[in-house]
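Have a look at the structure below, then the notes.
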There are 2 protein chains.
Amino acid sequence: MNNQGRTAGLPTLEDVARQAGVSTATVSRCLNNPAQVTEATRARVMEAVEKLRYTPNFGARALAARRTNTYGAVIPTMENAIFARGVQAFQDALASIDSTLLVASSNYEASVEESQIRNLVARGADGLLLIGADRDPAIYDFLAERGIPVVLAWAIGNQPGVSFVGFDNEAASRKLAEKALKLGHRRIAYISAQSIHNDRARARVEGVRAAMKAAGLDPQSLRLVETHYSIKRGKAAFHTLMEGEDRPTLVMCGNDVLAVGAVMAAREMGIDVPGDVSVTGFDDIEIATVVSPPITTVHVPHRKMGNLAAQALLRQTLEGKPPETICLETEIAERASLGPVG
Amino acid sequence: MNNQGRTAGLPTLEDVARQAGVSTATVSRCLNNPAQVTEATRARVMEAVEKLRYTPNFGARALAARRTNTYGAVIPTMENAIFARGVQAFQDALASIDSTLLVASSNYEASVEESQIRNLVARGADGLLLIGADRDPAIYDFLAERGIPVVLAWAIGNQPGVSFVGFDNEAASRKLAEKALKLGHRRIAYISAQSIHNDRARARVEGVRAAMKAAGLDPQSLRLVETHYSIKRGKAAFHTLMEGEDRPTLVMCGNDVLAVGAVMAAREMGIDVPGDVSVTGFDDIEIATVVSPPITTVHVPHRKMGNLAAQALLRQTLEGKPPETICLETEIAERASLGPVG
DNA sequence: GCACGATTTGTAAGCGCTTACATTCCGAAA
DNA sequence: TTTCGGAATGTAAGCGCTTACAAATCGTGC
């Protein structure tokens with residue numbers, strides 16, 4: 001458009017070189033590999049850089065170096081805090097080596113995620129952070145073909161060629177369910193995210209079923225509601241569950257956001273938590289402690305996961321190391337929303 | 001590093017041109033200005049693009065076109081939802097014209113913000129979204145020198161050469177204070193963010209003082225605590241305020257996160273809200289409705305603000321229009337945390 | 001004081017794309 | 001049929017940087 005004037009007149013490497021009386025190669029080295037340059041010349045070059053207020057041109061640099069120092073992340077949503085902490089940690093780790101993170105969100109839609117991935121690749125992402133493993137194999141081919149390292153977080157899986165930094169969703173969920181079963185709960189309902197294209201959501205449900213089975217219950221008796229992740233949907237789902245006969249005594253939720261919705265709905269309906277119904281969450285985000293009663297949930301070490309994911313990705317990208325799998329431990333954050341069956 | 005193999009073998013414009021039997025210029029036009037190309041050739045080119053799975057190289061494109069279609073935003077924090085909705089709307093608006101947003105956070109620190117701004121500029125941001133107006137003038141010079149359009153959001157000010165898309169923090173805060181004064185509150189405290197480098201925080205306090213003055217109270221009698229924005233800090237601040245003699249009957253907070261902290265602290269201390277003390281927030285984010293009692297707060301039209309900010313920025317960047325100022329209306333979200341003085 | 005290897009610096013060839021300008025093509029008017 | 005003008009396409013010159021390779025410079029041991 002009208003950008004003739006935009007960059008016009010901005011100093012270039014060549015300007016700096018001329019000003020400092022050296023070649024462009026030397027200036028470039030000063031900026032990227034200071035060790036290769038004499039103290040004296042470096043000082044002279046830096047002075048010129050300062051004087052001209054030079055800033056390297058990103059596009060040119062990316063083109064010439066065939067690396068952008070930019071990484072991409074596609075997360076399902078930014079609108080609640082589920083991924084915020086982990087992504088923040090991921091970003092911090094990248095920032096410490098002067099790389100930047102491009103974040104995009106898919107709204108839990110596979111097609112949107114795919115186009116976001118393509119977009120990030122087109123923008124030269126040196127590596128990608130994605131959530132979960134459950135997507136079209138063609139995407140992995142696409143990424144592999146372009147040699148782009150990928151780390152999948154929030155889950156563990158067996159996709160070849162990519163790193164995993166996550167935790168065992170099924171085991172974590174099972175552990176929580178076992179605890180609830182010990183408290184005497186038998187009529188159990190589960191409010192889950194849409195399980196299509198969401199391996200984490202499925203694994204969490206499976207964990208509960210496994211615990212039920214181990215306790216001698218029929219896993220098929222689990223009342224399952226699938227919905228989108230939001231407080232509003234959580235409320236609605238809880239309503240649905242409580243309307244019928246044979247109310248559950250325990251409503252487990254696929255994440256804390258849904259659980260918050262459930263607890264709020266209970267309050268509106270005059271149902272006591274955990275007196276009449278217990279509620280559990282998953283994730284342990286701040287909001288779980290804000291609602292009353294605070295929610296018993298699975299604590300996921302988000303920060304640590306984000307940090308380790310960055311490390312793993314950088315090992316692949318910068319050092320050419322092979323993909324790896326890191327499985328983190330989760331624990332149960334015991335709070336007030338889960339109690340003995342009333 | 002070991003990136004020889006990275007992009008090696010990836011199809012380039014030239015490959016596509018050869019495959020389609022046209023020149024690189026034609027391929028480029030197909031991709032950027034389809035109208036300039038015959039239906040027939042376009043089809044042929046697109047077929048070649050598909051076949052080769054061609055993706056344009058971002059760096060090369062940026063270098064040649066002198067435009068990146070990338071915008072930058074520096075927000076104080078990602079860790080709570082204060083800016084999430086607005087930034088998401090901003091991003092959506094950009095995405096609809098195939099531009100991307102780079103988001104960085106400054107943790108409310110001026111020096112971090114500055115380096116983030118420089119970083120985004122170095123990465124070729126075509127325009128910038130920043131929060132509030134209160135920063136070193138040298139930054140505005142730097143940006144102006146490089147001809148980078150800027151829109152400041154969440155506030156209104158008079159910085160020349162930049163757009164504003166925000167609301168009147170002082171007026172909004174005053175309106176809320178007036179409402180509280182009508183309910184009989186006289187002993188008032190305010191939990192604010194650090195006001196240094198934060199024009200919004202200062203304006204909100206000033207609004208309360210103005211209302212007090214108008215009601216015949218001494219504005220200096222406002223008990224002010226400054227702290228960082230977090231639930232924890234909000235709790236601590238509330239504790240401090242309630243420890244002394246002469247407890248306030250109203251604790252106004254600089255944002256909802258602090259207010260949530262205050263309400264939670266009250267519950268822990270056995271202080272009834274709003275029976276013993278009223279609490280107010282600012283922003284109207286989801287968490288304000290989750291805590292009990294839900295928080296009376298200033299509703300800020302975040303989504304709208306983000307969307308309009310994008311529009312304004314694009315008008316400057318793409319159409320070369322001059323900066324503009326858009327002031328949005330806020331309203332009070334009346335909920336249960338504000339009541340008559342007990 | 002000299003030869004030699006190590007270190008520092010310079011030269012110049014692209015990286016893959018956009019776009020001004022030149023050329024070719026085509027249909028309509030004469 | 002010829003001519004002309006506009007639309008479609010091609011040619012090629014960079015955009016600003018990195019880096020392989022070549023050249024120059026330096027310090028060292030003899």
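Here is how names work: the chains are called A, B, and so on, in the same order as the sequence lines, proteins then strands, and each is numbered from 1. Everything numeric here is computed off the predicted structure, so don't read it as measured data.
- Nucleic acid contact for B/Tyr54: sugar-phosphate only, since backbone atoms but no base atoms lie under 4.0 Å from a heavy atom of the residue.
- Ranked by how close their nearest DNA chain D nucleotide is to the 5' end, B/Gln36 and B/Leu63 are led by B/Gln36.
- What separates CD of A/Glu14 from C1' of C/dT11 is a distance of 13 Å, to the nearest Å.
- For A/Asn57, no side-chain nitrogen or oxygen approaches OP1 or OP2 of D/dC15 to under 4.0 Å.
- Residues A/Leu13 and B/Thr26 each lie close to DNA chain D; by heavy-atom proximity, the contact nearer the 5' end of the strand is made by B/Thr26.
- Tested against B/Arg135, the residues B/Glu113, B/His197, B/Gln159 include a single side-chain hydrogen bond (donor to acceptor under 3.5 Å, both in side chains) partner, B/Glu113.
- Residue B/Arg61 has no polar side-chain atom (N or O) positioned under 4.0 Å from OP1 or OP2 of C/dG16.
- Remark: A/Arg66 is not in phosphate contact with D/dT18, judged by side-chain N or O atoms under 4.0 Å from OP1 or OP2.
- Residue A/Ser23 places no side-chain N or O under 4.0 Å from the OP1 or OP2 atom of C/dT11.
- B/Ser28 comes within contact range of at least one nucleobase, with a heavy-atom separation under 4.0 Å.
- Contacts of B/Thr24 with the nucleic acid, taken as non-hydrogen atoms under 4.0 Å apart, include base atoms.
- Across all strands shown, B/Thr38 has heavy atoms under 4.0 Å from sugar-phosphate atoms exclusively, and none from any base.
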